[in-house]
Asks: 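Below is a structure I'd like to ask you about.
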Number of protein chains: 2
Amino acid sequence: MKNNKALDNPTAKRRHGGIDPRLLAGPCMACNTRNMAICIALSDEEVAALEAIVTHQTFTPGQSVFFEGDPADHVYNITGGMLRLSKLLSDGRRQITGFLLPGDFLGFIRGDNYSFAAEAVTQANLCRFSLGDFMDLLDRFPKLEKRLLERASNELAEAQDQMLLLGRKSPKEKLASFLVRMAERQARALGPSKELRLAMGRNDIADYLGLTIETVSRCFTQLRKDKILALPESNIVIVKDGTRLRALHQPG
Amino acid sequence: MKNNKALDNPTAKRRHGGIDPRLLAGPCMACNTRNMAICIALSDEEVAALEAIVTHQTFTPGQSVFFEGDPADHVYNITGGMLRLSKLLSDGRRQITGFLLPGDFLGFIRGDNYSFAAEAVTQANLCRFSLGDFMDLLDRFPKLEKRLLERASNELAEAQDQMLLLGRKSPKEKLASFLVRMAERQARALGPSKELRLAMGRNDIADYLGLTIETVSRCFTQLRKDKILALPESNIVIVKDGTRLRALHQPG
DNA sequence: CGTAACGTTGAACTGTCTCAAGATCCGTGG
DNA sequence: CCACGGATCTTGAGACAGTTCAACGTTACG
């Protein structure tokens, strides 16, 4: 907060190169997710403005970023680890609506309160922005807003895929879809690999796919017996027959 | 199309009040959804710019606006009637991801093709914009982009609600949620009423809730026998016990 | 009227959940 | 080093909710 003073009213100055050199060396500049996150829309100078209002946070597995119903006063970028978003019914039934990975944005907000909870699945690193600061940024950098709209459109399409999955797919198809999509995301981040590491447990998978943990387990076993997968450990999936896995994912 | 010629390159002119008077009397100016649609972000002058690039279309019940996989080259505003958005699996299983009403926006797009189909449920009126024109408009009117981001955030929250419904609610709860939400939307548009008119058939409701048509029918009967609803006609629902209906809906 | 689309109801079936037990893995402490 | 407890995962048996299949009722319309 203190060392941001140089940027309190610096728009013109920044435009012409007068950036505090400390900021050009800041963590955002060298961020490993800069090319995936919403920041891809920003120039070095603009990232410096981002840097001026950001707070970096770390969460341990299971820790909550915020609860469903909390006042929605911050938005986040994930720079490391995995988060889960979830909604609860009063009797404890839970639906996980998504898993967030490095580069993902957290903070499409309706109204004054978060309508879902966010928790760390693994150790996780987040950049936090106060909503007010972030809104100001949006006004200053239209590119950022465009990028955000793109992101939101993407998430909407994914949400629709997930509705199709939840409403109309069999448990086996659900698990296959889940694995294919997680493999794609992992490939995008780390390059292609036959080995998929699942950071989340069976319980999270079940609550993401609208199943019980027993059914998830049985489907894993079935896919293993069908020789579509190998499971050297319960969290490590080796895709042995990608064709048949993808056939289950999109029947036809 | 023809009478838009006066606006082919009119930015400066429009900014300073030199608007073709024919446009100030155009259908967008007097549009009954102007205060609900994304247009709420726009001044009279800006609506005139909208008017310059819009095409008005009418669809009959069952008619397709576009198919899943079609090139995504247009966006739409709904000004009358009801649309359904849906996704198909190759064996015919269908998931309806939403119903659109007057004031709703259709066109959050990922990639070059629509990832879902859009069809008219009732007779429907749409304003159509070519994607290119609309993008230009976004650049010119940042307020419009903000409004769109708001909309997208809203839709994301609704999509998450629907995931909770599809993944974790019982058929009875699903139907109750559906009725409560439809009643709220109808109330927002037409004012509060105990009588809810469902424009869509049982099949559409089933495909929206991830159920079979028989189960939907049985749940209606059950809610009627529980004296929570009355059903003078199959498409007209009278909510007799809103408290118990909302208890089944369970917001959280 | 006759037919087709839509909705309701019934009976049987089946897949998924529930409940229960056993297996595996982990960190902790004896 | 092994023993222990807790958490996680797998497996099995039975129950039950929701689907499937089939029949019937209703409404709209040529």
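So you know, we letter chains A, B, ... as the sequences are listed, proteins then strands, and number each from 1.
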Asks: In whole Å, I'd like the distance from the CZ atom of A:Arg202 to the P atom of C:dC25.
Replies: 13 Å
Asks: To 10°, what angle do the rotation axes through the five end pairs on each side of the helix from C:dC1-D:dG30 to C:dG30-D:dC1 form?
Replies: 20°
Asks: Could you tell me whether A:Ser217 contacts a base, only the sugar-phosphate backbone, or nothing, with contacts defined as non-hydrogen atoms closer than 4.0 Å?
Replies: base
Asks: In a table with atom names and distances, give each donor-acceptor pair under 3.5 Å that connects a side chain of residues 220-238 of chain B to protein atoms at least two apart or in another chain.
Replies:
unit_1	atom_1	unit_2	atom_2	d
B:Thr221	OG1	B:Ser217	O	3.0
B:Asp226	OD2	B:Lys172	NZ	3.0

Asks: Base, sugar-phosphate, or nothing for B:Thr215, non-hydrogen atoms under 4.0 angstrom?
Replies: base
Asks: Per the side chain to side chain donor-acceptor pair (under 3.5 Å) rule, what does the pair list look like for residues 77-87 of chain B, sequence neighbours excluded?
Replies: A:Asp161-B:Lys87, B:Arg84-B:Glu119, B:Arg84-B:Asp204
Asks: Would you say a side-chain N or O of A:Arg224 is under 4.0 Å from OP1 or OP2 of D:dC9?
Replies: no
Asks: To the nearest Å, how far apart are A:Asn235 CG and C:dT24 P?
Replies: 16 Å
Asks: Can you tell me if A:Gln160 and B:Arg110 form a side-chain donor-acceptor pair at under 3.5 Å?
Replies: no
Asks: Identify the pairs formed between an N or O of the protein and an N or O of nucleotides 28-30 of chain D at a distance under 3.5 Å, and give each distance.
Replies:
none

Asks: Rounded to whole angstrom units, what separation is found between the CZ atom of A:Arg168 and the P atom of C:dT16?
Replies: 14 Å
Asks: Can you find a side chain N or O atom of A:Thr221 that sits less than 4.0 Å from OP1 or OP2 on D:dT11?
Replies: yes
Asks: Just to verify, what does A:Tyr76 make a ring pair (Phe, Tyr, Trp, His ring centres under 6.0 Å) with, not counting sequence neighbours?
Replies: none
Asks: Report the residues that fulfil side-chain contact (heavy atoms from CB on, under 4.5 Å) with A:Thr243, sequence neighbours left out, ordered by chain and then residue number.
Replies: A:Asp241
Asks: What residues form a ring pair (Phe, Tyr, Trp, His ring centres under 6.0 Å) with A:Phe59, not counting sequence neighbours?
Replies: none
Asks: Does B:Phe105 have any ring pair (Phe, Tyr, Trp, His ring centres under 6.0 Å) partners at least two apart in sequence or in another chain, and if so, which?
Replies: B:Phe108, B:Phe134
Asks: Residues two or more places apart in sequence or in another chain: which of them pass side-chain contact (heavy atoms from CB on, under 4.5 Å) with B:Gln186?
Replies: B:Leu190, B:Ser193, B:Leu196, B:Arg197
Asks: Kindly write out the residues that satisfy side-chain contact (heavy atoms from CB on, under 4.5 Å) with B:Arg188, not counting sequence neighbours, or none if the list is empty.
Replies: B:Glu184, B:Arg185
Asks: Using atom types as modelled and distance alone, determine if a side-chain donor or acceptor of A:Lys169 lies under 3.5 Å from a backbone N or O of A:His249.
Replies: yes
Asks: Of all residues at least two apart in sequence or in a different chain, which pass the side chain to side chain donor-acceptor pair (under 3.5 Å) check with B:Asp70?
Replies: none
Asks: Between protein and nucleic acid, restricted to nucleotides 10-12 of chain C and to nitrogen or oxygen atoms under 3.5 Å apart, what atom pairs and distances do you find?
Replies:
unit_1	atom_1	unit_2	atom_2	d
C:dG10	N7	B:Arg218	NH1	2.9
C:dG10	O6	B:Arg218	NH2	3.3

